[in-house]
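Residues take their numbers from the sequence shown, with the count starting at 1.
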Amino acid sequence: MGFDFSKYDNIKQLCKNGALRWTNHIFARLLQRNISMNDIEYAIINGEIIESYPDDYPYPSCLILGKSGNKQYLHVVCGITPRELYLITAYYPDPDEWTEDFKMRKEKK
């Protein structure tokens, strides 16, 4: 089962409809990193896919770049099914590891 990553509107609609599966892992990371559930939803609805992983198991997944409610850049990783988004992890991107716009990984030296 593939996912057409060019149809980001489908991901946004799943989020708007509350079709989110919150994993234990993401809850632990949200607490650890002081990120709210609202920040995740805001980032998904207003963000963009910067990396896609169509062969991930058990579902294709992607890395979304968005902003939190307080306008900090935020990365969200989610698995995608036709009916739900599986929220896997979220973090504030490290400027030492990402380009200035946080869209591309810097090459390791």
Side-chain angles (χ1 to χ4, degrees):
M1 168 186 76
F3 179 81
D4 184 354
F5 288 97
S6 68
K7 293 188 173 27
Y8 187 58
D9 287 342
N10 295 350
I11 292 174
K12 291 180 182 184
Q13 195 59 51
L14 288 170
C15 185
K16 288 177 183 177
N17 292 344
L20 304 174
R21 176 75 55 100
W22 297 86
T23 62
N24 288 336
H25 181 80
I26 198 167
F27 277 133
R29 295 302 173 250
L30 296 183
L31 287 171
Q32 179 185 50
R33 298 171 178 151
N34 197 27
I35 300 169
S36 75
M37 292 169 68
N38 287 339
D39 286 336
I40 299 299
E41 293 178 31
Y42 187 85
I44 292 170
I45 291 169
N46 297 291
E48 64 181 294
I49 295 174
I50 58 171
E51 292 181 358
S52 62
Y53 317 111
D55 298 324
D56 267 5
Y57 179 85
Y59 307 109
S61 64
C62 65
L63 174 61
I64 295 170
L65 169 66
K67 290 187 178 180
S68 64
N70 64 1
K71 305 298 183 206
Q72 285 185 276
Y73 283 100
L74 185 63
H75 282 172
V76 179
V77 178
C78 60
I80 304 149
T81 76
R83 294 183 190 97
E84 290 182 302
L85 293 180
Y86 281 79
L87 301 172
I88 299 165
T89 196
Y91 57 89
Y92 295 110
D94 183 339
D96 293 335
E97 296 178 18
W98 293 88
T99 57
E100 189 174 321
D101 61 4
F102 298 107
K103 291 183 180 184
M104 295 182 61
R105 297 174 195 269
K106 290 182 179 178
E107 289 189 32
K108 295 186 180 191
K109 296 178 181 179

field: Residues in salt bridge (charged side-chain N to carboxylate O under 4.0 Å, His left out) contact with Lys106, at least two apart in sequence or another chain
entry: none
message: Just to verify, what does Arg33 make a salt bridge (charged side-chain N to carboxylate O under 4.0 Å, His left out) with, not counting sequence neighbours?
response: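 Partners of Arg33 under the salt bridge (charged side-chain N to carboxylate O under 4.0 Å, His left out) test: none.
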query: With a cut-off of 6.0 Å (strictly less than), are more than 12 heavy atoms of other residues, nucleotides or ligands near CG of Asp101?
result: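 Atom CG in Asp101 is packed in, count exceeds 12.
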Neighbour count above 12 (heavy atom, 6.0 Å) for Asn70 CG: yes
Spatial distance of atom CG (Leu20) from atom CD (Glu41) [nearest 0.5 Å]: 5.5 Å
Ring geometry between Tyr59 and Tyr86 (parallel below 30°, tilted from 30 to 60°, perpendicular above 60°):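 Answer is parallel, since the angle falls under 30°.
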- prompt: Taking the six-membered ring for Trp, are Trp22 and Phe27 parallel (under 30°), tilted (30 to 60°) or perpendicular (over 60°)?
  reply: parallel
pair [X]-[Y]: side-chain heavy atoms closer than 4.5 Å:
| X | Y | value |
| --- | --- | --- |
| Ile80 | Asn10 | no |
| His75 | Ile50 | yes |
| Leu74 | Tyr42 | no |
| Asp39 | Tyr92 | yes |
| Leu65 | Trp98 | no |

